[in-house]
Trainee: 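To start, I am sharing the structure in question, which I have written as structure tokens.
Just so you know, ligand 1 is whichever comes first in the structure, and atom 1 is the first atom listed for that ligand.
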Amino acid sequence: MAKRALVTGSSSGIGFAYSKYLMNEGWKLDLVSKNKDKSQKSELILNYQNAEFHNVDLSKKESIADIVANFKTPDLIIANAGIAINGAIGQLNEREKNDAYYLMCGGVIDLIEGFVPKMIDKGSGRIVIISSIGAITAMPKSSIYSSIKSGVYAYGKSISAELKHKGITVTVSLPGYVRTEAHKRAGLDHLESKIPKWMWVTPETVVKETEKASRGGKTEIIPGIVYRITKPFLKFQSAINIWQSMTKRNQ
Ligand SMILES: NC(=O)c1ccc[n+]([C@@H]2O[C@H](COP(=O)([O-])OP(=O)(O)OC[C@H]3O[C@@H](n4cnc5c(N)ncnc54)[C@H](OP(=O)(O)O)[C@@H]3O)[C@@H](O)[C@H]2O)c1
């Protein structure tokens with residue numbers, strides 16, 4: 001029988017590429033995103049009868065509660081939905097911070113904790129969390145984003161160890177710059193020209209390498225060879241300075 005995957009943030013970028021990949025592998029899909037028009041466009045492109053499309057705001061606690069209560073238990077969870085956040089210290093208001101925290105950290109935890117007991121009963125399952133390389137490096141002017149992604153990274157690593165002997169694998173993916181709509185949506189479209197071509201990874205590469213790591217039972221993966229090579233240097237102040245000058249706006 002075909003296995004069932006739940007993908008959040010399925011309508012574009014990494015989530016869409018993941019949905020397409022799983023479709024080609026014959027999975028049944030529960031695809032969740034917020035904007036109805038965008039979701040319908042993705043539905044037209046995928047044109048897949050084994051996919052159900054759901055439109056909810058995942059920054060709200062009740063949306064996650066509804067999914068946990070009403071969706072069939074997935075064999076694979078791809079916790080991917082998210083946004084890029086641009087803002088120096090103190091620039092984000094309370095609501096922006098709380099919504100972002102729930103969307104990319106608290107809600108991911110509630111979603112996973114809602115389904116894990118049922119996955120344990122089944123004795124199998126895979127969980128993939130899309131974090132960011134920002135979880136392990138300083139991100140000046142994106143400190144909230146970085147702290148959210150660190151939180152979910154720490155959570156993923158811990159439950160990976162906890163669930164290891166229960167037939168469930170947990171893999172946290174830490175992508176660098178990925179060519180998606182995320183930066184434009186956050187008003188960071190200048191990055192398109194400022195970040196050198198070799199630093200961009202495609203959503204398809206993220207999916208391919210993350211899936212390989214997940215199937216191999218790995219706890220974490222940094223997609224893209226460039227980021228794997230540079231990882232040891234990310235902790236140095238000089239690397240942070242270079243990154244800061246590369247991503248600075250001209251005006
Ligand atoms: N792009 C990068 O460079 C990069 C690097 C590292 C990590 N990441 C992470 O990768 C994940 C996917 O991002 P992406 O780059 O693929 O961005 P994207 O193309 O903008 O896709 C984001 C997806 O998340 C959904 N989403 C956003 N807010 C939502 C909400 N409140 N409720 C429900 N769905 C919501 C979007 O649906 P709607 O359009 O309907 O809102 C969309 O399907 C994020 O967690 C991001 O932090 C991205």
Trainee: Contact between ligand 1 and H183 is defined here as a heavy atom of the residue under 4.0 Å from a ligand atom; is it met?
Mentor: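 Yes, H183 has a heavy atom closer than 4.0 Å to ligand 1.
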Trainee: Knowing that exactly one of K122, R4, K28 qualifies, which makes a salt bridge (charged side-chain N to carboxylate O under 4.0 Å, His left out) with D75?
Mentor: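 One option only clears the test, and that one is K122.
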Trainee: Taking the cut-offs as 6.0 angstrom to the six-membered ring centre and 45 degrees off its axis, would you call K157 and Y153 a cation-pi pair?
Mentor: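 Satisfied, under 6.0 Å and within 45°.
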Trainee: Is any side-chain N of the basic residue among E204 and K208 closer than 4.0 Å to the acidic one's carboxylate O?
Mentor: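 No, no charged N to carboxylate O under 4.0 Å.
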Trainee: Return the option from A84, S42, G134, S11 holding the heavy atom at the smallest distance from atom 42 (C) of ligand 1.
Mentor: S11
Trainee: Judging by distance only, is a nitrogen or oxygen of S33 under 3.5 angstrom from one on ligand 1?
Mentor: no
Trainee: Heavy atoms only: which of H54, R185, K36, K38 is nearest to atom 41 (O) of ligand 1?
Mentor: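 Shortest heavy-atom distance from atom 41 (O) of ligand 1: R185.
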Trainee: Please work out whether any backbone atom (N, CA, C, O) or any side-chain heavy atom from C-beta onward of F16 is under 4.0 Å from ligand 1, and answer side chain, backbone, both or neither.
Mentor: neither
Trainee: Is there a polar contact between ligand 1 and Y177, counting only N or O atoms under 3.5 Å apart?
Mentor: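 Looking only at distances, the answer is no, because the N/O contact criterion of under 3.5 Å is not met.
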Trainee: Considering only heavy atoms, which of G9, A81, G82 lies nearest to atom 27 (C) of ligand 1?
Mentor: G82
Trainee: Give the single entry among V108, T180, V178, L188 that approaches atom 14 (P) of ligand 1 most closely by any heavy atom.
Mentor: T180
Trainee: List ligand 1 atoms under 4.0 Å from N35, heavy atoms only on the residue side.
Mentor: 38 (P), 40 (O)
Trainee: Test side chain to side chain contact (heavy atoms under 4.5 Å, CB included) on F16 and K41; report intermediate values, then the result.
Mentor: CA-CA 11 Å; F16 181 75; K41 271 185 204 151; over 6 Å; no
Trainee: Specify side chain, backbone, both or neither for P203, according to which of its non-hydrogen atoms lie closer than 4.0 Å to ligand 1.
Mentor: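 No part of P203 comes within reach of ligand 1.
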Trainee: Could you tell me whether S10 approaches ligand 1 through its side chain, its backbone, both or neither, with non-hydrogen atoms closer than 4.0 Å?
Mentor: backbone
Trainee: Return the set of residues passing side chain to side chain contact (heavy atoms under 4.5 Å, CB included) with I225 (not counting sequence neighbours), or none when no residue passes.
Mentor: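 Residues passing side chain to side chain contact (heavy atoms under 4.5 Å, CB included) with I225: R228, I229.
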Trainee: What residue pairs, at least two apart or across chains, pass ring pair (Phe, Tyr, Trp, His ring centres under 6.0 Å) with a residue in residues 195-225?
Mentor: Y177-W200, H183-W200
Trainee: Mind checking whether K149 has a heavy atom under 4.0 Å from ligand 1?
Mentor: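 Contact check K149 vs ligand 1: positive.
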Trainee: For ligand 1, find out whether one of its N or O atoms is nearer than 3.5 Å to an N or O atom of L58.
Mentor: yes
Trainee: Select one of side chain, backbone, both or neither to describe which atoms of V32 lie under 4.0 Å from any atom of ligand 1, heavy atoms only.
Mentor: neither
Trainee: Please confirm whether V56 comes under 4.0 Å of ligand 1, counting heavy atoms of the residue only.
Mentor: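 The answer is yes: ligand 1 sits under 4.0 Å from a heavy atom of V56.
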Trainee: Is there a donor-acceptor contact under 3.5 Å from the side chain of S150 to the main chain of S146?
Mentor: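 Present.
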Trainee: Which ligand 1 atoms are under 4.0 Å away from a heavy-atom of L103?
Mentor: 28 (N), 29 (C), 30 (C), 31 (N)
Trainee: Would you call K72 and E52 a salt bridge, using N to O less than 4.0 angstrom?
Mentor: no
Trainee: After noting the C-alpha distance and the side-chain angles of K60 and D99, does the key distance pass the side chain to side chain contact (heavy atoms under 4.5 Å, CB included) rule?
Mentor: CA-CA 7 Å; K60 306 288 170 249; D99 283 359; 3.3 Å; yes
Trainee: If you measure every N/O of P175 against every N/O of ligand 1, is any gap under 3.5 Å?
Mentor: no
Trainee: Give a yes or no on whether a salt bridge exists between K218 and E209, defined as a side-chain N under 4.0 angstrom from a carboxylate O.
Mentor: no
Trainee: Taking atom types as modelled and ignoring hydrogens, do the side chains of K38 and S12 form a donor-acceptor contact shorter than 3.5 angstrom?
Mentor: yes
Trainee: Within the 4.0 Å heavy-atom shell around D57, which atoms of ligand 1 are there?
Mentor: 30 (C), 31 (N), 32 (N)
Trainee: Would you mind running through ligand 1 and noting each atom that sits below 4.0 Å from a heavy atom of I14?
Mentor: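 Those of ligand 1 that fall under 4.0 Å from I14 are 10 (O), 16 (O).
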Trainee: Under 3.5 Å between any N/O of S132 and any N/O of ligand 1: does that happen in this structure?
Mentor: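 No; the residue has no nitrogen or oxygen that sits under 3.5 Å from a nitrogen or oxygen of the ligand.
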Trainee: Would you say I133 and ligand 1 have an N/O pair spaced under 3.5 Å apart?
Mentor: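 Min N/O separation from ligand 1 is not below 3.5 Å for I133.
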Trainee: Between the candidates G13, S12, P223, which shows the shortest non-hydrogen contact distance to atom 21 (O) of ligand 1?
Mentor: S12
Trainee: Is S173 near ligand 1, meaning one of its heavy atoms is under 4.0 Å from it?
Mentor: no
